[in-house]
Amino acid sequence: MEDNKINEQKTEKLELESLFGAMLQVAWTDDGQILTIATRHGTINSFLTRIPILSDAVGAQVMYLSNLREVTVRDLDIDSTLCRVPIDVEPAFACIGAGVVGVGMNNEVHYYNYSKGGSKP
């Protein structure tokens, strides 16, 4: 937002009609976090408009939830993304240690080893 004007974020623009066909109905959940679209092709698509903000840091390494099934690890000393780690759960909490990230929900935690350029469960 500049000069009290809203600017379009081109990277967040999604051409729905070209992907899913003409829209018949559009509805939001009561809390405004999920947008659901019914199309002429007979598909129903739901889009999550907000993801939880989860992050942690150890030394100069920072991890954050980049989408519901992935965390990103960055090194702030070299201002570079080290890796993106696919995860098995939609986490409620997350942590990072030396070479490992942990994500979890309820009473379950999943740990993933990571290194520059990759990860493994």
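Remember, it's a predicted structure, so these values are computed and weren't measured experimentally.
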| query | Of all residues at least two apart in sequence or in a different chain, which pass the side-chain hydrogen bond (donor to acceptor under 3.5 Å, both in side chains) check with Ser55? | reply | none
| message | Filter on side chain to side chain donor-acceptor pair (under 3.5 Å), then keep only pairs touching residues 93-108, sequence neighbours left out; what's left? | response | Glu108-His110
| query | Considering only heavy atoms from C-beta outward, does the side chain of Ser46 approach that of Leu35 to under 4.5 Å? | reply | no
| field | CD1-CZ distance between Ile34 and Phe47, expressed to the nearest 0.5 angstrom | value | 12.0 Å
| said: For Ala57, give me all partners under side-chain contact (heavy atoms from CB on, under 4.5 Å), at least two apart in sequence or on another chain. | reply: Val62
| said: For the backbone of Asp88 and the side chain of Arg69, can you confirm whether one donor and one acceptor N or O come within less than 3.5 Å of each other? | reply: yes
| request: State which residues pass side-chain hydrogen bond (donor to acceptor under 3.5 Å, both in side chains) with Asn45; sequence neighbours excluded, sorted by chain then number. | output: Thr43
| Contact summary for Tyr111 and Gly102, nearest pair of heavy atoms | CD2-CA, 3.9 Å
| query | Should Val89 and Val71 be counted in the same cluster of Ile, Leu, Val, Met, Phe, Trp and Tyr side chains packed under 4.5 Å apart? | reply | yes
| said: If hydrophobic clusters are built by linking Ile, Leu, Val, Met, Phe, Trp and Tyr wherever their side-chain heavy atoms come under 4.5 Å apart, do Val85 and Val58 end up in the same one? | reply: yes
| query | With distance as the sole test, does Asp56 use its side chain to make a donor-acceptor pair with the main-chain N or O of Ile96 at under 3.5 Å? | reply | yes
| query | Can Leu68 be reached from Met105 by stepping across I, L, V, M, F, W or Y side chains whose heavy atoms are under 4.5 Å apart? | reply | no
| query | If you measure from CE on Met63 to OH on Tyr112, what distance do you get to the nearest 0.5 Å? | reply | 10.5 Å
| task | Could you tell me whether Arg74 and Asp79 make a salt bridge, using a distance below 4.0 angstrom between a side-chain N and a carboxylate O? | result | yes
| request: Give the cluster check for Leu24 versus Ile44: same hydrophobic cluster or not, with ILVMFWY residues linked at side-chain heavy-atom distances below 4.5 Å. | output: no
| With sequence neighbours excluded, residues passing side-chain contact (heavy atoms from CB on, under 4.5 Å) with Asp31 | Thr29, Gln33
| note | What one should report as the nearest heavy-atom pair of Ala94 and Leu54 is CB-CB, 4.4 Å
| query | If we only count heavy atoms from C-beta on, is the Val73 to Val101 side-chain gap below 4.5 Å? | reply | yes
| Can you list the residues that meet the side-chain hydrogen bond (donor to acceptor under 3.5 Å, both in side chains) rule with Ser66, with sequence neighbours excluded? | Glu70, Thr72
| query | So, do Val103 and Phe93 sit near enough that their side-chain heavy atoms are less than 4.5 Å apart? | reply | no
